[in-house]
Amino acid sequence: MQDDTPDTGTGGLSAESRPGSPPAQERTPPSDAPTEPEPDPPGEPPEPPEPFSTTGPIDVRTLTRVLFERLAELPAHAPEREQVRAALIEVNIPLVRYAATRFRSRNEPMEDVVQVGTIGLINAIDRFDPGRGVQFPTYALPTILGEIKRYFRDNVRTMHVPRRLQELWVQVSGAMEELTVTHGRTPKIPEIAANLRIPEEDVRACLDAGRAYNAASLEAAQEHEGGLALLDRLGYEDSALTDVEHRDMVRHLLVQLPERERRIVILRFFANLTQSQISTELGMSQMHVSRLLSRILTRLRSGNSWEE
């Protein structure tokens, strides 16, 4: 006898176990079973992890203090000392840059000034004693400034400027910056003198000497002047130089004339009197004055060596 039930080709699988068939009853997982995370929607990349962030800027003073404490704990020949020392230098480089900004008006490359200031920083690190209770920046800043000032005094200046004016220039430049910020313009000499309570002459001398670092060559060509040297632009032919020689020659000849003839020459050529006025002044005729003048001039020309 043949079964009328159609063969579905499932191999005897029940409706529940056949793939693609809806389950007969939804099964709810127990509440205490772990829940798997839902997958991200297709087409959306997963969110990247949050980047590492610090809680705030590093306290340089605290870090410097910790490094000095570590440096004091290490033996004299410990290899780690050089690492700690290098870390102290790197941490305090901003202090050197702050000191170098005080010399930005010196027309010197700032990186050169920073390098010189770094030498002062290294000297301050080697000499600093944390046991004295002084903050390191307070101790190091004068050492850094002193090294930079020594550099400008010994290596940059080719002109000798008195030490008093060099020290005064630092005060004047500081007062100029302060007054510029206060008034919104470049301060005048009386204002600087009043601010520092010094004479105006000292301010002028300081301004002249404070920027005198190099002596300019008179024969050096100037690019902005079309290649002309400073000597070509400043020098000119003085026509009065020839007159100086003539005056000296005339003075030498006049002292050799008799008193009356010398007076006639002075009245005629120095007082610009006419022959008639000279005759009245001396009580003689105009014709006689004319003859005397002709004879005097002939005598002067004969004794004038540059006419020969």
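Salt-bridge formation is not detected for the pair R102/E177: no Lys NZ or Arg NE/NH1/NH2 atom is positioned less than 4.0 Å from an Asp or Glu carboxylate oxygen. By the 4.0 Å N-to-carboxylate-O rule, R150 lies close enough to E147 to be salt-bridged with it. The pair E80-R85 fails the salt-bridge criterion, with no side-chain N (NZ, NE, NH1 or NH2) lying under 4.0 Å from an Asp/Glu carboxylate O. At a threshold of 4.0 Å, the pair E69-R65 counts as salt-bridged, since one of the basic side-chain nitrogens sits closer than that to a carboxylate oxygen.
With a 4.5 Å cut-off on side-chain heavy atoms, F68 and V84 do not count as touching. Annotation: side chain of D202 is in contact with side chain of P199 (closest heavy-atom distance under 4.5 Å). Using a 4.5 Å heavy-atom cutoff, the side chains of L121 and T143 are not in contact. Proximity of L145 to F103: side-chain heavy atoms (C-beta onward) are separated by under 4.5 Å at one or more points. Within the 4.5 Å cutoff, the side chain of I93 has no heavy atoms near those of the Y98 side chain. In this structure the side chain of I198 never reaches within 4.5 angstrom of the side chain of I192, judged on heavy atoms. Taking the side chain as every heavy atom from C-beta outward, R260 and R263 never approach each other to under 4.5 Å. With contacts defined as side-chain heavy-atom distances shorter than 4.5 Å, the pair T180/P187 qualifies.
Under a 3.5 Å cut-off, the side chain of R81 and the backbone N or O of L71 do form a donor-acceptor pair. Looking only at distances, no side-chain donor or acceptor of Q171 sits under 3.5 Å from a matching main-chain atom of L168. At distances below 3.5 Å, at least one donor-acceptor pair connects side-chain atoms of T182 with backbone N or O atoms of E178. Within the 3.5 Å criterion, the main-chain N or O of R291 finds no donor-acceptor partner in the side chain of S294. When atom types are taken as modelled, the side chain of E191 and the backbone of K188 share a donor-acceptor pair closer than 3.5 angstrom. Panel note: side chain T64, backbone V60; a donor-acceptor pair is recorded below 3.5 Å.
With sequence neighbours left out, the salt bridge (Lys or Arg N to Asp or Glu O under 4.0 Å) criterion links R127 to no other residue.
The hydrophobic cluster containing I125 does not contain V66, counting ILVMFWY residues as joined when their side-chain heavy atoms lie under 4.5 angstrom apart, directly or transitively. Hydrophobic clustering (side-chain heavy atoms under 4.5 Å, transitive across Ile, Leu, Val, Met, Phe, Trp, Tyr) groups F270 together with L297.
Heavy-atom minimum distance, S279 versus M284: CB-O, 2.8 Å.
Ring planes of F128 and Y139: tilted class, angle from 30 to 60°.
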Could you walk me through whether Q115 and I119 pass the side-chain contact (heavy atoms from CB on, under 4.5 Å) check? CA-CA 7 Å; Q115 289 182 9; I119 297 175; over 6 Å; no
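Going from atom CD of Q275 over to atom CD1 of I264 covers 10.0 Å, rounded to the nearest 0.5 Å. For the atom pair I144 CD1 and L95 CG, the distance stands at 4.0 Å (nearest 0.5 Å).
Environment of CD in E90: sparse, with no more than 12 heavy atoms of neighbouring residues, nucleotides or ligands closer than 6.0 Å. More than 12 heavy-atom neighbours from other residues, nucleotides or ligands sit within 6.0 angstrom of CZ on R185. With a 6.0 Å radius and a threshold of 12 heavy atoms from other residues, nucleotides or ligands, R97 has its CZ atom at or below the threshold.
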